[in-house]
Amino acid sequence: MKKSFFLCLTFAAHFSAMAQLSAQQIDQLVQRTLTTYDVPGIAVAVVKDGKVVHAKGYGIRSINNPTPVDENTLFGIASNSKAFTTAALAMLVDEGKLKWDDKVTQHIPEFKMYDDYVTKEFTIRDLLTHRSGLGLGAGDLMIWPDKNNFTTQDIIHNLRYLKPVSSFRSKYDYDNLLYIVAGEIIHRTSGLSWDDFIEQRIMKPLEMNHSAASYVRLKDTSNIIMPHVPTDGKLKAIARYKSQVFDPAAGIYSSVADLSQWVIMQLNKGKYGSENKNQLFSEKQHAEMWTPQTLQPNKAVAPYFSHFKAYGLGWQITEVKGNLQIGHTGGLDGIVTQVTMLPELNLGIIVLTNQQNGAAFNAITNTIKDSYIGLKSEDYVAQYSAQRKEKEDNADKITEEVWQTVEQNLKKRIRIPVELYAGTFTDNWLGDIELSIDKKGKLRFASKRSPQLQGEMFYYKDQTFALKWDNRSFLADAFVIFSPDLKGIKMKAISPLTDFSYDFHDLDFVKK
C-alpha cells in the first residue's frame, strides 16, 4: 500500500511541470492507465506541426490471445466515423452535387419524420447536428445490439414512428440513425456505397492503407484487437460488432498510424500529400465542418473553464484555456476511442482502447493536452477513476435493490399467473416480441427482429417485471411494465449507467 501511494505521488509530481511530455512520460502515463482501468490494450498517437511525434501501442490485443498492441493495430473507431461521413458530404458539396441545406427529401423522397413540417424542412445539415427533436439515441435498438435484421431502408421508414421529445432545432440530443440516412445520401448522390466512397475517396489518397470502412471489409485482420467488457465482476472478451448498416455512424476500423494521416489533413484544412499540394476538400467546407451548429449545455468548470460547447458537422467543438478544441469520441461494446485537435497549436491526440471505460482515454488525452497548453496537470488517472467508482457504486446500489426484491419474491414463492402476461406484442419500429412460458414455467422475452434481445423475466412488483438478458455483457437489464389491462408494455433501463443506445424507453408495445 505504501509503495503504491509513493508511486502515485511520484507520478503526480512528475507530470505537474508545464512541459511537453516525453515519450517515456507518455509510456508511464499509459501503463498506469492500463492497470488502473483494467484495459487490456491502448494505442496512442500525438501529431504536432504536421508530423507524428508519437505513435505506439501498449498492452495486449486480447486477453484470450495476449499479442502486443502496436501503432498499426486496428481498432473500431466507432463514432469517430461520423467525421468521415461529413468529410464525404463536404467533397460532394465542393463538386456541386449537393448543398448542406438541401432538403433531405430532394435526395431521399421517402424520408419522413413524425411531424410533417419537420419532414418538409429537414436538411442534410440537420442530419449531422443532433438537433432533430428526437431524444438521445432514439431508435438505436434497430442497430444495437448486433445481429438484428434491420436494413437501411427499414431505418429510414421507421423514423416516422419515433416521437420527438423537443421542438425541431431547439435542443441537442445525440443520435446515430440520422448519420445512416446521411450515408444513404452519399450513396445516392455519388453512385458509390458509403463504404466504397470512404475507402476510395478518403482512405486511399491519405494512404490509410491498413484501414477499412467496416470490419467485414478489412483485407488483413492479423493485427486487430478484440473488444472487452467487465461482466459479472470479471473482464471478458466479447464478439465484435459487425453490422454494416451502422457504418456511416460508427463502422470504421483503423489504427493510430493511419488516423494520424487523417488528423494531419484535418489540421491542414483539407490539404495532404507531399508539401500539401493535394486538397481533399476545400478550406471553405473545412471551416463549415468546424463551425458551431448546435449549442450544448456547458459549465465553465476547472481545469479548462470552457466558455462554450457546441456540435459542428461531425465534430464536437469547445474551448480550453483560450484554445479552440475540435474532437470526438466513439464507443461500441468493448471499444472506446477519442480524437482531439487543438488547431491553434497544430496539435492532434489520438487514443484507441479495447475496453469500454471512457475515463481511460480522457485521462491520457487531457494529461498530454495539458503539457502542450502550459497547464499544470491534474492526476487525471486517479481523479477520473474515483469519479467513475462513485457513479458505479450508486448504480450498483440501485440495481442490487431491484434484484434483492426479486430474490425475496422468489423466496416467498409469490404465485404469479404468468400465462396472463404471455403473448405477442408489437412496437411500430422494433416490431414483434414474444413473451412465452418455457418448460420450467418461467416467463421469457424474445425479440423477433433482434435475436440477441432475449432473456428471463422475474416478477418485481405491481405489474412490473425485471428482465435479465441472457447476454450478460450488455449491462442493460430492464424493467418490463404492463398496462393495467395487460394489453400494453413500456420498458426502461434498470441501471442509470445503461448505455443510451439501449433506448427501451422509446418502445411502446401493444398486444396483438
Please round to the nearest 0.5 Å and tell me the distance separating atom CD of Q355 and atom CD1 of I225.
11.0 Å
Taking T189 for the side chain and I186 for the main chain, is one N or O donor matched with an acceptor at less than 3.5 Å?
no
Tightest non-hydrogen contact, residues M142 and N158, listed as SD-ND2, 3.4 Å
Please work out whether the ring planes of Y174 and Y311 are parallel, tilted or perpendicular, with thresholds of 30° and 60°.
perpendicular
Salt-bridge present (D173, K171; N to O < 4.0 Å):
yes
Sub-4.5 Å side-chain heavy-atom contact between N148 and S243
no
Donor-acceptor contact present, side-chain N354 to main-chain I60, <3.5 Å
yes
Using only atom types and a distance under 3.5 Å, with no angle test, would you say the side chain of Q356 pairs donor to acceptor with the backbone of G334?
yes
Output, in order, the C-alpha distance, side-chain angles, deciding distance and verdict of side-chain contact (heavy atoms from CB on, under 4.5 Å) for Y37 and S385.
CA-CA 7 Å; Y37 296 101; S385 179; 3.8 Å; yes
Less than 6.0 angstrom separating the ring centers of F465 and F458, yes or no?
no
Nearest-0.5 Å distance, CD1 of residue I252 to CG of residue L74:
12.0 Å
What I want to check is whether the side chains of N209 and D258 have a donor and an acceptor closer together than 3.5 Å.
no
Correct closest heavy-atom pair for A182 and L89 would be CB-CD1, 4.2 Å
Show which side-chain atoms of residues 449-456 pair as donor or acceptor with protein atoms under 3.5 Å away, not counting sequence neighbours.
{"from": "R449", "atom 1": "NE", "to": "N149", "atom 2": "OD1", "distance (Å)": "2.8"}
{"from": "R449", "atom 1": "NH2", "to": "N149", "atom 2": "O", "distance (Å)": "3.4"}
{"from": "R449", "atom 1": "NH2", "to": "N149", "atom 2": "OD1", "distance (Å)": "3.3"}
{"from": "R449", "atom 1": "NH2", "to": "D154", "atom 2": "OD2", "distance (Å)": "2.8"}
{"from": "Q452", "atom 1": "OE1", "to": "N471", "atom 2": "ND2", "distance (Å)": "3.1"}
{"from": "Q452", "atom 1": "NE2", "to": "D146", "atom 2": "O", "distance (Å)": "3.0"}
{"from": "Q454", "atom 1": "NE2", "to": "P451", "atom 2": "O", "distance (Å)": "2.9"}

Is a side-chain donor or acceptor of T353 paired with a backbone partner of V336 at a separation under 3.5 angstrom?
yes
Salt bridge or not between K82 and D175? Use side-chain N to carboxylate O under 4.0 Å.
no
Roughly how far, to the nearest 0.5 Å, is the CG atom of D508 from the OG1 atom of T426?
10.5 Å
Return yes if some donor-acceptor pair links the side-chain N/O of T231 with the main-chain N/O of V229 below 3.5 Å, else return no.
yes
Testing the 3.5 Å rule here: is there a donor-acceptor pair between the side chains of Q338 and T329?
no
Qualifying residues under ring-ring contact (aromatic ring centres under 6.0 Å, His included), relative to Y241, sequence neighbours excluded
W144, F246
Do NZ/NE/NH1/NH2 and the carboxylate oxygens of E288 and R125 come within less than 4.0 Å?
yes
Classify the ring geometry of F111 against F122: parallel below 30°, tilted from 30° to 60°, perpendicular beyond 60°.
tilted
Do the side chain of W469 and the main chain of A476 share a donor and acceptor less than 3.5 angstrom apart?
yes
CA sep, side-chain torsions, deciding dist, call: L475, D499, side-chain contact (heavy atoms from CB on, under 4.5 Å):
CA-CA 8 Å; L475 308 181; D499 188 276; over 6 Å; no
Across all chains, not counting sequence neighbours, the side-chain contact (heavy atoms from CB on, under 4.5 Å) partners of P343 are L267, W290, L324, I326
Spatial distance of atom CG (L280) from atom CH2 (W262) [nearest 0.5 Å]
7.5 Å
Can a donor-acceptor pair be found, under 3.5 Å and without considering hydrogens, that links the side chain of S193 to the backbone of D196?
yes
For D393, is there an ion pair with K389 - N to carboxylate O distance below 4.0 angstrom?
yes
Ignoring hydrogens and angles, tell me if any N or O in the side chain of T85 forms a donor-acceptor pair with the backbone of P248 under 3.5 Å.
yes
Drop me the distance from I368's CD1 to I349's CD1, to the nearest 0.5 angstrom.
5.5 Å
In this structure, are over 12 heavy atoms from other groups packed under 6.0 Å from Y114 atom OH?
no
Salt bridge or not for E199 and K204, using N-O below 4.0 Å?
no
Determine, for K490 against D427, whether the closest basic-nitrogen to carboxylate-oxygen distance falls under 4.0 angstrom.
no
Here the pair of heavy atoms bringing L92 nearest to S190 is CD2-CB, 4.1 Å
State whether the side chain of R217 and the backbone N or O of S211 hold a donor-acceptor pair below 3.5 Å, judged by distance alone.
no
Is there side-chain contact between D27 and H54, with heavy atoms separated by less than 4.5 Å?
yes
L259 vs L352, side-chain contact (heavy atoms from CB on, under 4.5 Å): CA-CA, chis, key distance, verdict
CA-CA 10 Å; L259 285 172; L352 311 178; 4.1 Å; yes
Passes side-chain contact (heavy atoms from CB on, under 4.5 Å), F504 versus L141? Steps please.
CA-CA 8 Å; F504 304 121; L141 283 170; 3.8 Å; yes
For residues S79 and N176, report the shortest heavy-atom separation together with the two atoms involved.
OG-OD1, 4.0 Å
For K492, I'd like to know if atom NZ has over 12 heavy atoms of other residues, nucleotides or ligands within 6.0 Å.
no
Which ring-ring contact (aromatic ring centres under 6.0 Å, His included) pairs, counting each pair once, include a residue from residues 190-234, with sequence neighbours left out?
Y215-Y253
Non-hydrogen side-chain atoms of L178 and L128 separated by less than 4.5 Å:
no
Quick one about K369 and N366 (side-chain donor to acceptor, distance below 3.5 Å, no hydrogens or angles considered), yes or no?
yes
Measure the CG-CE distance between L206 and M265 for me, rounded to the nearest 0.5 Å.
5.0 Å
Do NZ/NE/NH1/NH2 and the carboxylate oxygens of R444 and D470 come within less than 4.0 Å?
yes
Which residues pass the side-chain contact (heavy atoms from CB on, under 4.5 Å) test with R160, not counting sequence neighbours?
K112, H157
State, without any angle test, whether D70 and T73 hold a side-chain donor-acceptor pair at a distance under 3.5 Å.
yes
A side-chain contact here means heavy atoms from C-beta on lying under 4.5 Å apart; do Y272 and P205 qualify?
yes
V44 and V256, any side-chain heavy atoms less than 4.5 Å apart:
no
Just to verify, what does Q31 make a side-chain contact (heavy atoms from CB on, under 4.5 Å) with, not counting sequence neighbours?
L34, Y58
Could you pull out the closest heavy-atom pair between R32 and A382, with the gap in Å?
NH2-CB, 3.9 Å
Ignoring hydrogens and angles, state whether a donor on the side chain of N80 or T337 is under 3.5 Å from an acceptor on the partner side chain.
yes
Taking the side chain as everything from C-beta on, heavy atoms only, tell me whether I364 gets closer than 4.5 Å to V30.
yes
Could you report the tightest heavy-atom contact between W403 and D477, atom names first, then the distance?
CZ2-OD2, 3.7 Å
Main-chain N/O of M341 paired with Q325 side-chain donor or acceptor, under 3.5 Å:
no
